[in-house]
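Each remark here refers to the structure printed beneath this line.
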Amino acid sequence: MELDEKWIRAHLPEDCREEPIDWFSGLYLDGLKVMSEGERGDPDTVRYEAKDEEDLKWWQLDIICGFVGKADRSGTWRWHRDHAENGRWYQGL
């Protein structure tokens, strides 16, 4: 799936900006729909339907935030759009 890598990295917490962000294996875009590839002959399914391209970027950021942060993954970054836009992040356990 195509990512706006520069935009996403700019919105991640500073200490996570160099971490891998390609967490979308098995997903592809059909317009503004994020589709999940069907397994073993099952049909593809809609995983997320974005309102516009901006909404799609925020959804991708939300997914990525579940994976970046502590190396042991005992905590993940939690965010709300208003926090990310203003550079305010907090970490949950």
Side-chain angles (χ1 to χ4, degrees):
M1 177 167 42
E2 187 176 317
L3 299 175
D4 185 343
E5 188 171 340
K6 185 176 179 179
W7 182 91
I8 289 171
R9 289 192 185 282
H11 284 81
L12 285 172
E14 251 183 80
D15 59 341
C16 298
R17 289 187 181 159
E18 298 304 317
E19 291 189 32
I21 61 170
D22 189 15
W23 296 101
F24 299 100
S25 178
L27 301 179
Y28 66 93
L29 288 176
D30 181 9
L32 291 174
K33 291 180 185 175
V34 177
M35 303 295 293
S36 179
E37 297 172 353
E39 290 191 33
R40 299 185 179 145
D42 289 339
D44 295 356
T45 56
V46 177
R47 173 108 181 250
Y48 183 76
E49 190 166 352
K51 293 178 268 185
D52 54 31
E53 288 186 18
E54 186 75 8
D55 183 44
L56 179 61
K57 286 193 270 188
W58 285 106
W59 178 82
Q60 290 171 335
L61 179 63
D62 184 27
I63 298 300
I64 290 166
C65 285
F67 294 98
V68 299
K70 286 186 160 184
D72 65 3
R73 302 292 183 248
S74 63
T76 56
W77 286 101
R78 301 182 71 202
W79 69 281
H80 295 282
R81 183 172 174 161
D82 62 323
H83 286 89
E85 286 176 339
N86 295 305
R88 296 188 318 257
W89 290 81
Y90 59 98
Q91 193 166 23
L93 297 176

Atom pairs and distances, side-chain donor-acceptor, residues 26-42, under 3.5 Å, sequence neighbours left out:
| unit_1 | atom_1 | unit_2 | atom_2 | d |
| --- | --- | --- | --- | --- |
| Y28 | OH | D44 | OD2 | 2.6 |

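Not a single side chain to side chain donor-acceptor pair (under 3.5 Å) links R17 to another residue, sequence neighbours left out. Applying the salt bridge (Lys or Arg N to Asp or Glu O under 4.0 Å) rule to E5 yields the partners R9; only residues at least two apart in sequence or on another chain are considered.
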Subject >> CA sep, side-chain torsions, deciding dist, call: W58, K51, side chain to side chain contact (heavy atoms under 4.5 Å, CB included) >> reply: CA-CA 11 Å; W58 285 106; K51 293 178 268 185; over 6 Å; no
Original post:
Going through the checks in order, is the side chain to side chain contact (heavy atoms under 4.5 Å, CB included) test met by Q60 and D62?
Top reply: CA-CA 5 Å; Q60 290 171 335; D62 184 27; over 6 Å; no
Original post:
Between K57 and L61, is a side chain to side chain contact (heavy atoms under 4.5 Å, CB included) present by the stated rule, with each step listed?
Top reply: CA-CA 6 Å; K57 286 193 270 188; L61 179 63; over 6 Å; no
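Rounded to the nearest 0.5 angstrom, R47 CZ and F24 CZ are separated by 8.0 Å. Between the CG atom of L12 and the CD1 atom of I64 there is a distance of 6.5 Å, given to the nearest 0.5 Å. One finds the OH atom of Y48 at 8.0 Å from the CG atom of L56 (value rounded to the nearest 0.5 Å). A distance of 10.0 Å separates CD1 in I21 from CD in E18, rounded to the nearest 0.5 Å.
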